[in-house]
**Student:** 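Take this structure first; my questions come after.
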Amino acid sequence: MLKITKRAVTIHDFIKMKKREPYATFRTTAKMENFGLMFGAQVNTFAGLLQGSSFTTKDCDDYIKLTHAEDLLEETIAQAKKRGYRDYFGGEMRKDVECKYTVAAALMREAFLNGYEGLKTRIEREHAFAIKHFYTRLWYGAVRWHPELAYMNINSVGKLEGADKKFYQRVFSHLMNNAANSAVQSGETVFIYLGWVSADYYMNKWKLSSQIFNTIHDSLDVYVWKPEANLMPALINACVHNKIRYPCEGIYHRMDPEISDIRDYKHLTGYEMGEFDGTQKIKGHYYKHGEESEAMEIQEAVKEYNDRMKTNIEFKEIPA
């Protein structure tokens, strides 16, 4: 007899189901919104993110009602009407669409930043430093320059004034976004570069055929020769994991492999065999349709490779 017990979904259940609907959409939307706010996205930017997600105008209505912000919506509509229903950048500002997303975005952004006070003050500090010095100092010694700030008319509270406000607001917002998130994003890439260098050392030493060809923030892109399919994820994971480096002492970094095979029909199209008839839109491309897998422990992967390939490679930890 089969007994079915009803219970709430746990985080472990959610992770297992993250590529299935509706959880895939929930996860994509949540990641986009959280990352946007964490990196200090301005209201208009965040409103655009919301509008491009699964968050609907009905959701905006519900959120505005929940937060008792009907007066703010009316004020936003009135301001948009004065500008001919255009935003400050000349974009469309319909009262039943963009105005609602703008209000919802403003309320969410305020609540998020008030909830994480350290994040808010860090962003403000990065903005002020960039405006004064025209660069952002990164955690590991490098700097990111923002030379355009040197030629802008910026007042004492960090806002553009005069003609610059009209002509350079979008550029200024972009520079402020760069100032807010450069240190965070470079904090990810440093570990990946170190892992890349360490992994490349072993790949050359072992005369492997696989090649690392690209990096995007905290990820590595790798062409993997199939006989090395178990060894490469284990090697990269070993070169990144258990590295304790300032300012992340006590936080270990781990790689989560995702394998895409361009000869696999579903990886290539996003559809099972027989589902695609040529009329549907291809769901991205093979780069986005990989299957997640677990990396073997490095010594286990080395032994498996040696036994199968009749080699005698060895892995010894490179000091952090």
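Just so it is clear, the model here is predicted, and its values are computed rather than measured.
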**Student:** Can you establish whether the number of heavy atoms outside D71 located under 6.0 Å from its atom CG is more than 12?
**Tutor:** no

**Student:** Using modelled atom types and a 3.5 Å cut-off, is there a donor and acceptor pairing between side-chain atoms of D87 and backbone atoms of G91?
**Tutor:** yes

**Student:** Would a 4.5 Å heavy-atom cut-off, applied to side chains only, mark N177 and T45 as touching?
**Tutor:** no

**Student:** Do K65 and D61 sit within salt-bridge range, that is, some charged N less than 4.0 Å from a carboxylate O?
**Tutor:**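 So K65 does not pair with D61 through a salt bridge.
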
**Student:** Would you sort out whether T102 and N44 count as a side-chain contact (heavy atoms from CB on, under 4.5 Å), showing the intermediate values?
**Tutor:** CA-CA 6 Å; T102 297; N44 62 299; over 6 Å; no

**Student:** Same cluster or not: are L49 and M176 linked, directly or through other Ile, Leu, Val, Met, Phe, Trp or Tyr residues, by side-chain heavy atoms under 4.5 angstrom apart?
**Tutor:**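 Different clusters: L49 never reaches M176 through Ile, Leu, Val, Met, Phe, Trp or Tyr contacts under 4.5 Å.
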
**Student:** In terms of hydrophobic clusters joined by side-chain contacts under 4.5 Å, are Y201 and I192 together?
**Tutor:** yes

**Student:** Indicate every side-chain donor-acceptor pair of residues 75-85 with a distance under 3.5 Å to a residue at least two apart or in another chain.
**Tutor:**
residue: T76; atom: OG1; partner: L72; partner atom: O; Å: 2.8
residue: R83; atom: NE; partner: R86; partner atom: O; Å: 2.7

**Student:** Does atom CD of E117 have more than 12 heavy-atom neighbours, drawn from other residues, nucleotides or ligands, at distances under 6.0 Å?
**Tutor:**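 Atom CD in E117 is not packed in, count stays at 12 or less.
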
**Student:** Once you round to the nearest 0.5 Å, how far does CD1 of I313 lie from OH of Y202?
**Tutor:** 10.5 Å

**Student:** I'd like to know if the side chain of N114 reaches the main chain of E110, judged simply by a donor and an acceptor atom lying under 3.5 Å from each other, with no hydrogens or angles considered.
**Tutor:**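 Yes, because the side chain of N114 sits within donor-acceptor range (under 3.5 Å) of the backbone of E110.
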
**Student:** Minimum heavy-atom separation for K100 and K95, please, with both atom names.
**Tutor:** CG-O, 3.9 Å

**Student:** Identify, with sequence neighbours excluded, every residue that meets side-chain hydrogen bond (donor to acceptor under 3.5 Å, both in side chains) alongside T56.
**Tutor:** D59

**Student:** Kindly give the heavy-atom pair with the smallest separation between A295 and N237, and that separation in Å.
**Tutor:** CB-CB, 4.1 Å

**Student:** Are M93 and C99 close enough that some pair of their side-chain heavy atoms sits under 4.5 Å apart?
**Tutor:**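 Side chain of M93 against side chain of C99, heavy atoms only: contact under 4.5 Å found.
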
**Student:** Give a yes or no on whether the backbone of E314 and the side-chain of W206 come within a donor-acceptor separation of less than 3.5 Å.
**Tutor:** yes

**Student:** Identify the heavy atoms of A179 and E126 that sit nearest to each other, and give their distance.
**Tutor:** O-CB, 3.5 Å

**Student:** Determine, step by step, whether K165 and E161 satisfy the salt bridge (Lys or Arg N to Asp or Glu O under 4.0 Å) criterion, reporting the C-alpha distance in whole Å, the side-chain angles of both residues, the deciding distance to 0.1 Å, and the verdict.
**Tutor:** CA-CA 5 Å; K165 183 176 181 180; E161 288 188 331; over 6 Å; no

**Student:** I need the minimum non-hydrogen distance between T136 and A130, along with the two atoms involved.
**Tutor:**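 T136 and A130 have their closest heavy atoms at OG1-CB, 4.3 Å.
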
**Student:** Do I236 and M203 share a hydrophobic cluster (ILVMFWY, side-chain heavy atoms under 4.5 Å, transitive)?
**Tutor:** yes

**Student:** Working note: K207 + T311, criterion side-chain contact (heavy atoms from CB on, under 4.5 Å); need CA distance, chi angles, decisive distance, verdict.
**Tutor:** CA-CA 11 Å; K207 295 180 172 58; T311 55; over 6 Å; no

**Student:** Quick check: does any side chain N or O of T121 sit under 3.5 Å from a backbone N or O of G118, one acting as donor and the other as acceptor?
**Tutor:** yes

**Student:** Closest heavy-atom contact between L113 and K120?
**Tutor:**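 L113 and K120 have their closest heavy atoms at O-CB, 3.8 Å.
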
**Student:** Can you tell me how far the OH atom of Y223 sits from the CE atom of M232, to the nearest 0.5 Å?
**Tutor:**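 If I round to the nearest 0.5 Å, the distance is 13.5 Å.
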
**Student:** Which pairs count as salt bridge (Lys or Arg N to Asp or Glu O under 4.0 Å) when at least one residue sits in residues 130-143, sequence neighbours excluded?
**Tutor:**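 Found none.
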
**Student:** Please tell me whether W225 and M296 are part of a single hydrophobic cluster in this structure, the criterion being side-chain heavy atoms less than 4.5 Å apart.
**Tutor:**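 Different hydrophobic clusters.
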
**Student:** For the side chain of E98 and the backbone of R94, is there at least one donor-acceptor N/O pair under 3.5 Å apart?
**Tutor:**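 Answer holds: yes.
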
**Student:** Got a second to check how far L231's CG is from F315's CZ, nearest 0.5 Å?
**Tutor:** 10.0 Å

**Student:** Do Q51 and V97 pass the side-chain contact (heavy atoms from CB on, under 4.5 Å) test, and can you show the C-alpha distance, the side-chain angles, and the key distance before you say yes or no?
**Tutor:** CA-CA 9 Å; Q51 193 171 350; V97 183; 3.5 Å; yes

**Student:** Do F134 and P147 make a side-chain contact, defined as non-hydrogen atoms from C-beta onward lying under 4.5 Å apart?
**Tutor:**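 F134 does not reach P147 side chain to side chain.
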
**Student:** Is there a continuous path of hydrophobic side-chain contacts, each under 4.5 Å between heavy atoms, that joins V43 to L73?
**Tutor:**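 Different clusters.
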
**Student:** Which heavy atom of L107 sits nearest a heavy atom of Y63, and at what distance?
**Tutor:**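 In this case the closest contact between L107 and Y63 is CB-CE2, 3.7 Å.
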
**Student:** With a 4.5 Å limit on heavy-atom distance, are the side chains of Y168 and N153 in contact?
**Tutor:**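 Side-chain contact under 4.5 Å: no.
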
**Student:** Look up atom CD in E228 and atom CZ in R308, then write down how far apart they are to the nearest 0.5 Å.
**Tutor:** 9.0 Å

**Student:** Would you find more than 12 non-hydrogen atoms of other residues, nucleotides or ligands less than 6.0 Å from H127 atom NE2?
**Tutor:** yes

**Student:** Quick check against the 3.5 Å criterion: does R144 have a side-chain atom that pairs as donor or acceptor with the backbone of L138?
**Tutor:** no

**Student:** How far apart are the C-alpha atoms of N214 and L220, what are their side-chain angles, what is the distance that settles it, and do they pass the side-chain contact (heavy atoms from CB on, under 4.5 Å) test?
**Tutor:** CA-CA 6 Å; N214 189 39; L220 287 175; over 6 Å; no

**Student:** How about L37 and Y116: do any of their side-chain heavy atoms sit closer than 4.5 Å?
**Tutor:**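 Contact flag for L37/Y116 side chains = no.
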
**Student:** May I ask you to decide if D200's main-chain N or O and N204's side chain share a donor-acceptor pair within less than 3.5 Å?
**Tutor:**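 Checking the backbone N and O of D200 against the side chain of N204, a donor-acceptor pair under 3.5 Å is found.
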
**Student:** Which value, rounded to the nearest 0.5 Å, describes the distance between F55 atom CZ and C60 atom SG?
**Tutor:** 5.0 Å

**Student:** Side-chain contact, heavy-atom cut-off 4.5 Å: Y193 with T215?
**Tutor:** yes

**Student:** Check the angle between the aromatic planes of F129 and Y135 and answer parallel, tilted or perpendicular using the 30° and 60° thresholds.
**Tutor:**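 Judged by the thresholds at 30° and 60°, the geometry between F129 and Y135 is perpendicular.
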
**Student:** Side chains of V171 and M152, heavy atoms from C-beta outward: is any pair under 4.5 Å?
**Tutor:** yes

**Student:** Could you state the interatomic distance from CD1 (I131) to OG (S156), rounded to the nearest 0.5 Å?
**Tutor:**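 Interatomic distance, I131 CD1 to S156 OG, rounded to 0.5 Å: 10.5 Å.
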
